[in-house]
There are 2 protein chains.
Amino acid sequence: MELREPKDLDRDLCPIVSAISEIGDKWILLILRESFIGARRFDEFQENLQVSKSVLSNKLNKMLELELLQKVSYKNPGERTRHEYRLTRKGKDLGKVIISLLNWGNTYLLEEGKETIVITDTAEFKPVGLELVNSKGDKLKLRDTAIKVGRLK
Amino acid sequence: MELREPKDLDRDLCPIVSAISEIGDKWILLILRESFIGARRFDEFQENLQVSKSVLSNKLNKMLELELLQKVSYKNPGERTRHEYRLTRKGKDLGKVIISLLNWGNTYLLEEGKETIVITDTAEFKPVGLELVNSKGDKLKLRDTAIKVGRLK
DNA sequence: CTGTATCCTCTTGGATACTG
DNA sequence: CAGTATCCAAGAGGATACAG
């Protein structure tokens, strides 16, 4: 892989821009949060997010298009067939984005002594963090990183 | 620290919401990206982002208020005094958010064979990743995590 | 319950002109 | 160069009504 300095990067083609244009939207981020917490039905999202139905409808459809969510049909005995919105692999892989946002919010935006959401491990239920690792899996600090431009694979 | 299930979380007070309301904005995220790449002056941001001056002015002021950026005066010999926008600690700590967005974008949104931004280590200049770690520093998988509600410290 | 369509308002962003 | 002020157009979001 060949790398160079980002002086003359074509910024419109940067994947951060693409990522932001897909999920850099308040409602989409909030729907993702609800999905990670476990919401799956239209009215669950609406109830939890206090959003109008038209906006919710638009955003859910957009997220289906982007393949962040998929619509899955299911049927409970005695009920009619329903469908629910589940995270796709692409959507689940936003977990680290959500966690990084959450951890930053807990550090800088949380009022002292207030309750908050925490992501924990399932062994001891203590908060988990995110660490930078190099290609060998060793941890490193942000200051030991560089921004480059290149072609992956 | 006492933790419970997130069933009855007051979602308006969730730090993900606070985080999103501070930085869940296309322009703010893009200004952050430029700052991480190294931009500091008004016209650098404007040139690189192709944004109107009025919007840029508004967003920069908002970011000063939020203390994501700080305005620093400096003077080169023979020039008049200038000032530049630098990331604060709070702003720099968004590094992991930006990197998680970038890595996700490189995985799911990048066209094959196309150039992109990559964050590398400074030793071998190979791409870095983000790993979940528990309180002891051991790595773990997303599926070995849980979402809880509680009071930190 | 799970949506879509319509209307109406408020906000966002671009263009332009102006200032130190 | 480094912004601010003003005006205008387009889009986002809420409320409401309607449909399968």
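We name chains A, B, ... by the order of the sequence lines, and we start the count at 1 in each one.
Across all strands shown, B/Y85 has heavy atoms under 4.0 Å from sugar-phosphate atoms exclusively, and none from any base. No contact: B/D25 has no heavy atom under 4.0 Å from any strand.
A salt bridge is absent between A/K148 and B/E115; no separation between the charged side-chain nitrogens and carboxylate oxygens falls under 4.0 Å. Of the charged side-chain nitrogens involved, none lies within less than 4.0 Å of a carboxylate oxygen, so that A/D25 and B/K26 do not count as a salt-bridged pair. Using a cutoff of 4.0 Å between basic side-chain nitrogens and carboxylate oxygens, B/K114 and B/E112 are not scored as salt-bridged. Taking 4.0 Å as the cut-off between side-chain N and carboxylate O, A/D43 and A/R41 count as a salt-bridged pair.
What separates NZ of B/K62 from C1' of D/dG3 is a distance of 19 Å, to the nearest Å. Atom CG in A/L29 sits roughly 16 Å away from atom P in D/dA12 (whole-Å rounding). When the P atom of D/dA15 is taken as reference, atom CG of A/L56 falls 14 Å away, rounded to whole Å. What separates CE of B/M63 from P of D/dG3 is a distance of 14 Å, to the nearest Å. To the nearest angstrom, P of D/dG3 lies 12 Å from CG of B/L69. The distance between atom CD1 of A/I31 and atom C1' of D/dA12, rounded to the nearest whole Å, is 14 Å. Between the C1' atom of D/dT16 and the CD atom of A/Q46 lies a distance of 13 Å, rounded to the nearest Å. If you measure from atom CG of B/N61 to atom C1' of D/dA2, you get 12 Å, rounded to the nearest angstrom.
Contact of the B/L130 side chain with the B/K96 side chain is registered, since non-hydrogen atoms from C-beta on lie closer than 4.5 Å.
For the pair A/K71 and C/dG3, the criterion of a side-chain N or O lying under 4.0 Å from OP1 or OP2 is met. Between B/H83 and the phosphate of D/dC1, there is no side-chain N or O to OP1/OP2 separation shorter than 4.0 Å. Regarding contacts with the backbone of D/dG13, every side-chain N or O of A/K26 stays at 4.0 angstrom or more from both OP1 and OP2. Contact check, B/R41 against D/dC1: no side-chain N or O comes under 4.0 Å of OP1 or OP2.
When the nearest nucleotides of DNA chain C are assigned to B/S52 and A/K53 by heavy-atom distance, the more 5′-ward of the two goes with A/K53.
For A/S54, taking side-chain heavy atoms from C-beta onward, the closest of the listed nucleotides C/dT6, C/dG13, C/dT2 is C/dT6. The side chain of A/F42 has C/dG3 as its nearest neighbour among C/dG3, D/dC1, D/dG14.
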